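Here's the structure, in structure tokens; my notes come after.
Just so it is clear, the structure is predicted and the values come from calculations on it, not from any experiment.
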Amino acid sequence: MASNTKNVKLGVCKVIYGGLDLGYTKGGVDVTVTTETHKVNVDQFGKTTINEQIMGREVSAKVPLAETTLENMVAVMPGTTMTTVGGTPATGSATITTNPSDDDTIVLNGVTLTFRTVTVDPLDVKIGATPAETATFLAAVLSGSTDPRLASATYEAAAAVVNITYGSAVVYGTAGMKSTEGNAYTLTAGTAGAKVTLSGATLAGGTEATKKFADVATGVGINLLDIAKELRLHPLGKPDTDKTDDFVIPRAATPGALTFAYKLEDERVYNVEFMGYPDPATSQLFTVGK
């Protein structure tokens with residue numbers, strides 16, 4: 001391949017963890033990949049290495065978060081819960097009135113989902129034997145998506161209806177969702193037309209809590225692998241839809257840390273170090289450009 005000056009890249013990135021954009025950083029994001037090897041020696045060659053074998057590899061990302069919000073604390077401090085007083089979630093629904101045909105689409109919050117009898121893509125929705133079964137498949141695809149535009153809400157199928165909820169009046173949880181943001185979550189029928197009835201052009205009814213606070217527990221006994229989520233580093237100069245330069249750790253977790261400097265010229269920072277864990281089936285540790 002011929003050299004190209006466009007391959008020399010600079011710039012900061014967005015940090016998206018479990019579908020949540022963690023916001024501004026202070027000091028840059030550092031990714032480290034280390035590989036441990038075993039050097040093979042035999043007596044006949046003295047201390048000369050005759051071979052070398054990889055024994056293991058680790059990936060980590062250091063992220064100094066400058067937005068010290070309660071939502072970020074919940075996201076990066078295992079064992080933390082957010083309690084809110086007042087406020088209501090934004091809600092809406094998609095009703096499968098008639099089973100869609102192959103290649104029919106709906107668009108939820110800017111993401112196109114395609115109904116198919118045989119699914120080939122993560123955003124394909126299997127057409128069931130009944131509208132209720134199709135709604136169950138749709139809720140499963142939405143709930144399993146790592147796209148931040150979809151992962152910001154929760155989905156539940158009830159008969160032929162998929163109920164969509166953004167935010168909570170009681171506990172924010174690890175997603176750090178703000179109920180008022182859900183009012184901008186768009187619902188579009190796409191080519192499915194009248195086969196899918198939507199509750200409105202957007203979710204509605206979301207109001208912000210009047211009071212909220214985070215409780216941080218010791219975290220003793222928490223298994224970080226159990227709570228690991230996708231960590232995506234997306235270059236700021238790229239559109240959100242262009243993931244060709246994204247660095248992704250599919251299973252990442254952090255024990256959580258923070259440094260609060262109550263000084264005139266120092267920012268308060270969540271110093272977060274994410275560790276990546278391999279997929280037990282494929283051994284995948286991280287991906288680039290996927």
| Which is it for Ile106 and Leu138 under the side-chain contact (heavy atoms from CB on, under 4.5 Å) test, yes or no, and what are the steps along the way? | CA-CA 10 Å; Ile106 60 171; Leu138 173 59; 4.0 Å; yes
Compare all side-chain heavy atoms of [X] with those of [Y] and state whether any distance is below 4.5 angstrom.
{"X": "Leu70", "Y": "Lys212", "value": "yes"}
{"X": "Leu142", "Y": "Val162", "value": "yes"}
{"X": "Asn163", "Y": "Thr154", "value": "no"}
{"X": "Val141", "Y": "Pro122", "value": "no"}
{"X": "Pro280", "Y": "Arg251", "value": "yes"}
{"X": "Phe260", "Y": "Asp266", "value": "no"}
{"X": "Val76", "Y": "Leu65", "value": "yes"}
{"X": "Val216", "Y": "Met73", "value": "yes"}

When rounded to the nearest 0.5 angstrom, what distance separates [atom1] in [X] from [atom2] in [Y]?
{"X": "Asp246", "Y": "Thr287", "atom1": "CG", "atom2": "OG1", "answer": "8.5 Å"}
{"X": "Thr136", "Y": "Tyr155", "atom1": "OG1", "atom2": "OH", "answer": "16.0 Å"}
{"X": "Tyr166", "Y": "Asn109", "atom1": "OH", "atom2": "CG", "answer": "7.5 Å"}
{"X": "Leu108", "Y": "Leu198", "atom1": "CG", "atom2": "CG", "answer": "7.0 Å"}
{"X": "Asn99", "Y": "Asp102", "atom1": "CG", "atom2": "CG", "answer": "11.0 Å"}
{"X": "Asp21", "Y": "Lys14", "atom1": "CG", "atom2": "NZ", "answer": "5.5 Å"}

Are more than 12 heavy atoms from other residues, nucleotides or ligands located less than 6.0 Å from atom [atom1] of [X]?
{"X": "Lys243", "atom1": "NZ", "answer": "yes"}
{"X": "Glu52", "atom1": "CD", "answer": "yes"}
{"X": "Glu156", "atom1": "CD", "answer": "no"}
{"X": "Tyr24", "atom1": "OH", "answer": "no"}

Donor-acceptor contact present, side-chain [X] to main-chain [Y], <3.5 Å:
{"X": "Ser199", "Y": "Ser93", "value": "yes"}
{"X": "Asp279", "Y": "Gln284", "value": "no"}
{"X": "Thr97", "Y": "Thr197", "value": "no"}
{"X": "Thr134", "Y": "Gly128", "value": "yes"}
{"X": "Ser143", "Y": "Ala140", "value": "no"}
{"X": "Asp104", "Y": "Pro100", "value": "no"}
{"X": "Thr25", "Y": "Gly28", "value": "no"}
{"X": "Thr88", "Y": "Gly205", "value": "yes"}
{"X": "Asp30", "Y": "Ala61", "value": "no"}
{"X": "Asp147", "Y": "Arg149", "value": "yes"}

| field | Evaluation steps, side-chain contact (heavy atoms from CB on, under 4.5 Å), between Leu113 and Val107 | value | CA-CA 6 Å; Leu113 298 107; Val107 185; over 6 Å; no
Do [X] and [Y] pair up side chain to side chain, a donor and an acceptor below 3.5 Å, judged on atom types alone?
{"X": "Asn271", "Y": "Thr259", "answer": "yes"}
{"X": "Lys62", "Y": "Thr32", "answer": "no"}
{"X": "Thr105", "Y": "Thr114", "answer": "no"}
{"X": "Glu230", "Y": "Tyr17", "answer": "no"}
{"X": "Arg268", "Y": "Thr68", "answer": "no"}

Between [X] and [Y], is there shared hydrophobic-cluster membership here, with clusters defined by ILVMFWY side-chain heavy atoms closer than 4.5 Å?
{"X": "Val248", "Y": "Leu225", "result": "no"}
{"X": "Ile16", "Y": "Leu233", "result": "no"}
{"X": "Phe286", "Y": "Tyr277", "result": "no"}
{"X": "Phe247", "Y": "Met275", "result": "no"}
{"X": "Val12", "Y": "Val272", "result": "no"}

Can you see which heavy atom on [X] is nearest to which on [Y], and at what distance?
{"X": "Ser283", "Y": "Pro278", "value": "O-CB, 4.1 Å"}
{"X": "Thr254", "Y": "Glu273", "value": "OG1-O, 3.1 Å"}
{"X": "Leu285", "Y": "Val59", "value": "CG-CG1, 3.6 Å"}
{"X": "Glu71", "Y": "Met82", "value": "N-CE, 3.4 Å"}
{"X": "Ala94", "Y": "Val196", "value": "CB-CG1, 4.2 Å"}
{"X": "Thr180", "Y": "Gly206", "value": "CG2-O, 3.8 Å"}

| query | Does Arg116 pair with Asp121 as a salt bridge, N-O distance under 4.0 Å? | reply |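 The answer is no: the pair does not qualify as a salt bridge.
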| field | Working for side-chain contact (heavy atoms from CB on, under 4.5 Å), residues Ile222 and Ile227 | value | CA-CA 8 Å; Ile222 292 178; Ile227 60 173; 4.0 Å; yes
| query | How about Phe115 and Phe137: are their ring centroids closer than 6.0 Å? | reply |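 No, too far apart.
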| request: Kindly indicate, with the supporting measurements, whether the criterion side-chain contact (heavy atoms from CB on, under 4.5 Å) is fulfilled by Thr80 and Asp215. | output: CA-CA 6 Å; Thr80 303; Asp215 288 319; 5.9 Å; no
